[in-house]
Amino acid sequence: MKSNNDAASVKCCARKIWAHFKEFVASVKGDLKETHDEMFQGADTPKQRLQRSVKHGLLLLAQLCLIMGVYAAGCALASVLPITLPGNSLGM
């Protein structure tokens, strides 16, 4: 059985993860305000089209990292809980 100290450290760790998650979401949310159509509208030169394509690719990569981070946090939380739950369910 887990002691109160272990439960407190899990809660502290979960709070820190949640704070970092909210901070990351806020930073990515500002970058995602442009829609796909707005990003490619008015791209006159090949250099501008390439820059917008790279920006779009990086935003997709950031979204993938966010999903993987939530999954990893769920798996980490599942490993310290006293009951058996799958990490991907906790991530949801």
Side-chain angles (χ1 to χ4, degrees):
M1 182 168 212
K2 302 261 183 198
S3 68
N4 288 338
N5 193 19
D6 289 341
S9 66
V10 168
K11 285 181 183 179
C12 181
C13 181
R15 284 187 191 128
K16 287 179 183 178
I17 290 171
W18 182 247
H20 288 294
F21 173 75
K22 288 190 334 186
E23 183 179 318
F24 178 74
V25 168
S27 69
V28 171
K29 193 175 183 181
D31 293 336
L32 294 177
K33 287 185 180 180
E34 298 177 351
T35 62
H36 183 270
D37 293 335
E38 290 171 339
M39 285 175 56
F40 290 99
Q41 186 177 22
D44 299 328
T45 65
K47 183 179 179 181
Q48 289 173 334
R49 285 194 297 268
L50 178 64
Q51 287 174 342
R52 288 188 175 103
S53 295
V54 169
K55 182 178 179 181
H56 183 68
L58 290 175
L59 290 175
L60 289 175
L61 183 64
Q63 292 171 354
L64 178 65
C65 289
L66 176 68
I67 291 171
M68 294 304 295
V70 170
Y71 172 73
C75 287
L77 186 61
S79 68
V80 296
L81 288 177
I83 57 175
T84 306
L85 290 171
N88 54 357
S89 296
L90 287 173
M92 290 193 297

Requested in this report: To the nearest 0.5 Å, tell me how far L60 CG sits from C65 SG.
Outcome: 11.0 Å
Query - Interatomic distance, W18 atom CH2 to R15 atom CZ [nearest 0.5 angstrom] - result: 13.5 Å
Query raised in the report: If Ile, Leu, Val, Met, Phe, Trp and Tyr residues are connected whenever their side-chain heavy atoms lie under 4.5 Å apart, and connections chain through other members, are L50 and L58 in the same group?
Result: yes
Query - Sequence-distant partners of L66, side-chain contact (heavy atoms from CB on, under 4.5 Å), two or more places apart - result: F21, F24, V25
